[in-house]
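Only one structure is covered here, and it is reproduced in the block below.
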There are 2 protein chains.
Amino acid sequence: MAISVDTFFLNPDAQGTLQAQIQQMIAEGILSGRFHRGEKLPSSRKLAGHLGVSRITVTLAYTELLANDYLTSRGRSGYYVSENAPVPPTYTPPDRPLDRVDWARAISHRFTGGDTPQKPRNWSSFRYPFIYGQADPTLFDHANWRLCALRALGQKDFSSLTADYYDQDDPLLVEFIARHTLPRRGIAARPEEILITMGAQNALWLAAQVLLDDTRTAAVEDPCYHALRDVLVQSGCRLAPIRVDADGLPPESLPPDTDVVFSTPSHQSPTTATMPLARRRALLARASDLDALIVEDDYEFELSFLAAPSPALKSLDRDGRVIYVGSFSKSLCPGLRLGYMVGSEPFIRQARALRASVLRHPPGHIQRAAAYFLSLGHYDAQIRRMSRSLHERRKIIETAISEHGLTIAGSGVYGGSSLWMRAPDGTDSTALAMDLARDGVLIEPGTPFFSGPDRPTQFYRLGYSSIPAARIAPGIARIAQRL
Amino acid sequence: MAISVDTFFLNPDAQGTLQAQIQQMIAEGILSGRFHRGEKLPSSRKLAGHLGVSRITVTLAYTELLANDYLTSRGRSGYYVSENAPVPPTYTPPDRPLDRVDWARAISHRFTGGDTPQKPRNWSSFRYPFIYGQADPTLFDHANWRLCALRALGQKDFSSLTADYYDQDDPLLVEFIARHTLPRRGIAARPEEILITMGAQNALWLAAQVLLDDTRTAAVEDPCYHALRDVLVQSGCRLAPIRVDADGLPPESLPPDTDVVFSTPSHQSPTTATMPLARRRALLARASDLDALIVEDDYEFELSFLAAPSPALKSLDRDGRVIYVGSFSKSLCPGLRLGYMVGSEPFIRQARALRASVLRHPPGHIQRAAAYFLSLGHYDAQIRRMSRSLHERRKIIETAISEHGLTIAGSGVYGGSSLWMRAPDGTDSTALAMDLARDGVLIEPGTPFFSGPDRPTQFYRLGYSSIPAARIAPGIARIAQRL
């Protein structure tokens, strides 16, 4: 029996080459059981005519399917579904069962319902996306990343692509971070003191799991990154939110029973405040008095286009009490899920064992591609390109903001990719964001960053890392209008 | 001042093209502060002569560095380190501080010291690697994976490469798994019931965290995958090890207070026993009586070259009490860290939220590349190729084993990639493994798979997924010799 040419159609939204689409169409027909073994396919001429593609395209698709044993060719008589083609499901999937489980009882831990708000997955469809922490096609060095990833896909790197590293990481990446990235933050570390993580989020989570429990107290900045607060709450520890000022976390406010301090000295999240050197020393001294540890999230230090970044807190640490967290999410892109953690060996050993239990290791291919991107200098070149564009956008957004009389509550003195804004008292920035969404403007309400019952509602964050320079001024105008 | 040509040398072990190596050499010299702004580089002729490479190679490297603003060219007078070149560290890294933290006190949870043994990172250096769960360059379809990964690196897929998916996954991959992979296991699931995980390890860990605490009892097969037992112990639950027989887990042995059962019905790990249909129904009935949940690890069902796999336990589940775990680690390769979990929506919602806290999502690029590899049919083609080779190796190893009078304790009626072996009583397989290592033979001692104080020591596992067919017989001979 022959397969009718009419069962074939090209999906207008399909991706990939025409040949790939035709291959896929036939493979899926076989896998889904629509085409059966021994059935004859339309001739390449007929199918090409039907689909309106060149005959060679169809022939190439057929040839590839022959090679994969989906099809066989019977000389002049044409192509047939191979007798060795994969078997479609031999039993029809049952209807979805009626759920008889009492999930409210069965679930022992709930992880939904924290402070982390639903993020706008459709952010790129906004005309004025003042979104924070997403990649900008015009800033990411896609071409060179592609080359490095391609190289990391080569035969030489087969094992870094395919091997189970168990609890280990790619030695190339670890070595580059130890020899080139950390020294630029004033940090000296041996490979055993470095763990590659699935972004900073994963590093902060690992640190919380290793260092906290219901007998420990964690001091956290207020406001702070909401996902961090959710991680700390999940650890069961006592939470001590410390209100930050224009210089970041005030050390004297740390409660005496503090076990671990989570801080963002370079670039307070979300207020963008930078901690002066004197306060960094004071923070270390206070931590030493309390015998507390400090987890330093040094995100975005790379984007310091207004002034050189100050040395990391970790570089001033003489006791080994600072655990340093770095991330490639802002400087490369978040989709790679790549970050790292630096700390004393006993700590890293536990974090490594936990990571192995949870996920083994970040995919080797991504680690190797990043190692190439870094060691070939593309990374630094990209950061300089990014910094130039962000600097330009920064000037534009600051001008627009002052022209429209909006109020900046915090704007990182070193640079960065966002501004912390204050709307007039009484403004509900969550409602404001929803109104603005209707105007195609995406802003981030500030309320979820704060701790406790009566959180300030008038703050909001404006990211400028993904919005084209030309859209900034009109976007700000719309915000001013709504206010 | 000019940079002496003598400071340049090609590392004999370096990877990548000569041009890439030269670029890297110069970029690193600048980044490490050895070369300073304004310093003159050797002429391309001079450097080419010194390194013994063609002049055009050096010129191309210089040109790329020009483009990245590492170098500037002053017409005839040559190349100089650019004034915009990245700044080397402005402060010298301090000596590694003396650690003043009492880590024994500071660490609240220990994750080292579980049952999971140190895995042999150097397994590929063994002449007879009967290793389990690593990729074989001759079985993995590297060429087509490379093409799919390359396609996933294209401009069209920019966002899947770079975007922060928040708590989401690649819709293409989820849809393919729902429409093509799960139906072949008799499972019908909607996208909201599917979560992509960092391999099966990550799925099992997530399930344990969501479903267990110190008030719950988890029944686990004995012997079982040691890393799973470590995950369960970390959850704080009561552990009920159930000794398996030739048909896998005996349902009648489940204690009345069982809350969650962790089982591997298709292919018991490590004994390879397959649970007959009748017992699967009995297990579901027993779970329903106890109102217990079942986490089904369906690893390796793809490698069923001796007989068609029986439908998954999940396909017989009418209550929604089975949580299904699948993995691409055996069928593609472990280095991708890609697996998936299927369960009722309330459960998946919690697992998704936890995953978001821990790591956000598996890298988008890997998900997209896998989606292409699957949908183009390369995946099924690879599994058939793998199955053919594994089938051949299986025959060879079984012949060699009977010739040398070794004892198979379990061999998987459907196929798979390992055998469960029993040495004469009194044998310590851990000592045996160490002796054999000296003969270049790598086997996996069975003791860590067992629970409790007096664990059987005479079992061991032989994997044949990474050892060349020709090495199998001589390897078995050496094992027989040692016994």
Side-chain angles (χ1 to χ4, degrees), chain A residues 15 23-24 27 31 68 86 89 91 93 96-97 99-101 103 107-108 111-112 119 135 137 140 146 149 153 156 158 161-164 166 180 183-184 186 188 198 201-202 205 213 231 318-321 333-335 337 344 346 350 353-354 357-360 363-364 366 375-377 380-381, chain B residues 15 24 27 31 68 86 89 91 93 96-97 99-101 103 107-108 111-112 119 135 137 140 146 149 153 156 158 161-164 166 180 183-184 186 188 198 201-202 205 212-213 231 318-321 333-335 337 344 346 350 353-354 357-360 363-364 366 375-377 380-381:
Chain A
Q15 293 184 320
Q23 256 171 265
Q24 185 164 350
L31 294 174
N68 282 347
Y91 29 76
R96 232 176 57 258
D99 210 314
R100 292 213 189 78
V101 176
W103 288 105
I107 290 167
S108 67
F111 300 95
T112 52
K119 303 281 185 69
F140 181 62
R146 201 158 184 266
L153 286 164
K156 263 185 175 168
F158 181 81
L161 168 67
T162 61
D164 184 341
Y166 305 125
H180 296 282
R184 305 173 83 180
M198 304 285 297
Q201 172 96 33
N202 186 223
W205 183 86
D213 60 27
V231 162
R318 294 284 167 279
D319 302 357
R321 68 177 68 254
C333 64
R337 309 304 312 133
S344 295
Q350 295 304 322
L354 173 57
S357 264
V358 174
L359 59 86
R360 296 263 179 99
I366 302 251
S375 61
L376 284 170
D380 297 273
Chain B
Q15 293 184 318
Q24 186 163 351
L31 294 175
N68 282 347
Y91 29 75
R96 234 180 52 259
D99 211 316
R100 294 216 185 78
V101 176
W103 287 104
I107 290 168
S108 67
F111 299 95
T112 52
K119 302 283 186 66
F140 181 61
R146 200 159 184 267
L153 286 163
K156 263 187 176 168
F158 180 81
L161 167 67
T162 60
D164 184 341
Y166 305 126
H180 296 281
R184 304 173 83 179
M198 302 285 297
Q201 172 94 35
N202 186 223
W205 182 86
L212 298 173
D213 60 27
V231 162
R318 293 286 166 276
D319 302 357
R321 68 177 67 255
C333 65
R337 310 303 313 129
S344 295
Q350 295 305 322
L354 173 57
S357 262
V358 173
L359 59 86
R360 296 262 178 100
I366 303 251
S375 61
L376 284 170
D380 297 272

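Just so we're on the same page: letters track the sequence lines, and every chain starts at 1. Given the structure is predicted, the values throughout are model-derived calculations rather than measurements.
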Main-chain N/O of B:Val358 paired to A:Asn202 side chain as donor or acceptor, under 3.5 Å: yes
Heavy-atom distance under 4.5 Å to chain A: side chain of B:Ile366, backbone, both or neither? side chain
Residue list, side-chain contact (heavy atoms from CB on, under 4.5 Å) with A:Ala381, at least two apart or on another chain: A:Arg384, A:Arg385, B:Asn68, B:Tyr70
Is any side-chain heavy atom of B:Gln350 less than 4.5 Å from a side-chain heavy atom of A:Thr112? yes
Most chain B-contacting option - heavy-atom pairs closer than 4.5 Å, from A:Ala149, A:Pro346, A:Gly364: A:Pro346
Those residues at least two apart in sequence (or on a different chain) that pass side-chain contact (heavy atoms from CB on, under 4.5 Å) with A:Thr162 are A:Phe158, B:Ala135, B:Phe140, B:Cys333
Residue selection (most heavy-atom pairs with chain B, distance under 4.5 Å) from A:Met198, A:Arg146, A:Arg321, A:Lys156: A:Arg146
Under a 3.5 Å distance rule, please check whether B:Arg360 uses its side chain to pair with a backbone N or O of A:Arg337 as donor and acceptor. no
Looking at A:Val231, A:Leu376, A:Leu153, which has the largest count of heavy-atom pairs under 4.5 Å with chain B? A:Leu153
With a 4.5 Å cut-off on side-chain heavy atoms, are B:Phe111 and A:Ser357 touching? no
Highest number of heavy-atom pairs under 4.5 Å with chain A: which of B:Pro137, B:Pro363, B:Ala163, B:Ser108? B:Ser108
Proximity breakdown for B:Ala27 and chain A, heavy-atom pairs closer than 4.5 Å: side chain
In the structure I gave you, are the side-chain heavy atoms of A:Asp319 and B:Asp99 within less than 4.5 Å of one another anywhere? no
